[in-house]
Amino acid sequence: MARPVGPDASGRWVRRWMSAEWTRTVDAWVGDRIAEHGGRVTGTPVTYRARFWSVVRCYPTDNGLVWFKENNPGHGFEAGLVDTLAQLVPDDVIASLGVDRVRGWLLAPDHGATLTHGDVEDQPTRYAVVQALARLQCSLLGRVAHPGIITLAPSTAGDRVRSIANEWAALQPTHPLHLNAKLVKRAGQAADVLDRRTASISDGYLTIWCDWLGVDLQVLRRDLAATEALLGVHRLVSWLRLVPYADAIELRTRAEIPRRYLAQVLALAG
């Protein structure tokens, strides 16, 4: 079900993406890309979802549904990354119908249901997808050096949390991301836990993952348990790239998202 706008609807990005001028420009670009592939738009395009971090627009064509996406500049690298992956592993990622790396535009055909859909959430399907993902990750190791990809070595996670907490503490008390002294202290405690947990990750983790058919499960399970704590840190760091492009409305209405990711990290402090 389409949910075109949310609480940040009056922010600058959603207003831009819902404007007539932007819509005309994108519709023309999409029409040209579809025509290059021998197709045409056959129905009324619909803005499926617009949030300040991205917009998704759907186009009915004579070859099925086609999806357009533009990201907030903080994540504007995504379209180019998809294009790069398609060149490296064309059989394992979506095949785009058009990419504009400068504007961060991506056009792709519909690829069916995601894993959250009831039709494909069964365990055998998930198992097959995880295996395919493992093979894909192994095949890409050392081959992708794309602008915008976050590099977060496990050994630096604690320091990143400390840095973010200190930056947020320095914000004005009325700022949606401001942290009080109590939360800054908890962030420091959580960072200490990250330091201890990530110190246990073996140097051979990537080698073991690449050699997944002969993996030592005990070592892999230990390393995966240690790296699980990094999930919230990765999400937090990734989301923070959007903040410089957010206006006051977007910050006020969406601040709970990065704060929720930070809360996941703070939970490590007990």
Practice item. State, yes or no, whether a side-chain contact exists between Arg103 and Val26 at a heavy-atom distance under 4.5 Å. Key: no
Review point. So, Asn71 side chain and Pro73 main chain: donor-acceptor pair closer than 3.5 Å or not?
Key: no
Review point. So do Leu194 and Leu230 actually touch side chain to side chain, heavy atoms under 4.5 Å?
Key: yes
Check your understanding: Under the ring-ring contact (aromatic ring centres under 6.0 Å, His included) test, which residues partner Trp67, sequence neighbours left out?
Key -> Tyr48
Review point. Under 3.5 Å, side chain of Ser163 to main-chain N/O of Asp159, donor-acceptor pair present?
Key: no
**Study point:** ILVMFWY cluster membership beyond Met18 - transitive side-chain contacts under 4.5 angstrom
**Key:** Val5, Val14
Review point. Checking Asn166 side chain against Arg162 main chain: does a donor-acceptor pair fall under 3.5 Å?
Key: yes
Point to revise | Qualifying side chain to side chain donor-acceptor pair (under 3.5 Å) pairs with a residue from residues 175-185, counting only residues at least two apart or across chains | key: none
Review point. Hey, quick one: are Leu171 and Leu179 part of the same hydrophobic cluster, counting side-chain heavy atoms closer than 4.5 Å, chains of contacts allowed?
Key: yes
**Study point:** Test item: Ile34 and Leu107 side chains (from C-beta on) under 4.5 Å apart, heavy atoms
**Key:** yes
Practice item. In plain terms, say whether Asp247 and Arg12 are close enough for a salt bridge, that is, a side-chain N and a carboxylate O under 4.0 Å apart. Key: no
Check your understanding: Does the His111 side chain pair with the main chain of Pro109, one donor and one acceptor, at a distance under 3.5 Å?
Key -> yes
Review point. With distance as the sole test, does Ser238 use its side chain to make a donor-acceptor pair with the main-chain N or O of Arg235 at under 3.5 Å?
Key: no
Exercise for review: Please indicate whether Arg254 has more than 12 foreign heavy atoms, meaning atoms of other residues, nucleotides or ligands, lying under 6.0 Å from its CZ.
Suggested key: yes
Check your understanding: What pairs of residues pass the ring-ring contact (aromatic ring centres under 6.0 Å, His included) test when at least one of them lies in residues 238-270, not counting sequence neighbours?
Key -> Phe52-Trp239
Point to revise | For Gly232 against Gln264, the heavy-atom pair lying closest together | key: CA-OE1, 3.7 Å
Point to revise | Under 3.5 Å donor-acceptor, Thr253 side chain and Ile249 backbone | key: yes
Review point. Where do Gly158 and Ala191 come nearest, in terms of heavy atoms and distance?
Key: O-CB, 3.3 Å
Exercise for review: Measure the shortest side-chain to side-chain distance between Val237 and Ile164 over non-hydrogen atoms and say whether it is less than 4.5 angstrom.
Suggested key: yes
Review point. Nearest heavy-atom pair of Ser139 and Val89: which atoms, and what distance?
Key: OG-CG1, 3.8 Å
**Study point:** ILVMFWY clustering at 4.5 Å (side-chain atoms), partners of Ile94
**Key:** Val82, Val99, Leu106
Check your understanding: Is Arg186 reaching over with its side chain to a backbone N or O of Gly270, donor-acceptor style, under 3.5 angstrom?
Key -> yes
Study note, to complete from the structure: Applied to residues 21-44, the side chain to side chain donor-acceptor pair (under 3.5 Å) test, sequence neighbours excluded, yields Trp22-Glu70, Asp27-Arg57, Asp27-Tyr59, Arg33-Glu36
Check your understanding: So Trp17 and Trp13, would you call those rings parallel, tilted or perpendicular, with 30° and 60° as cut-offs?
Key -> tilted
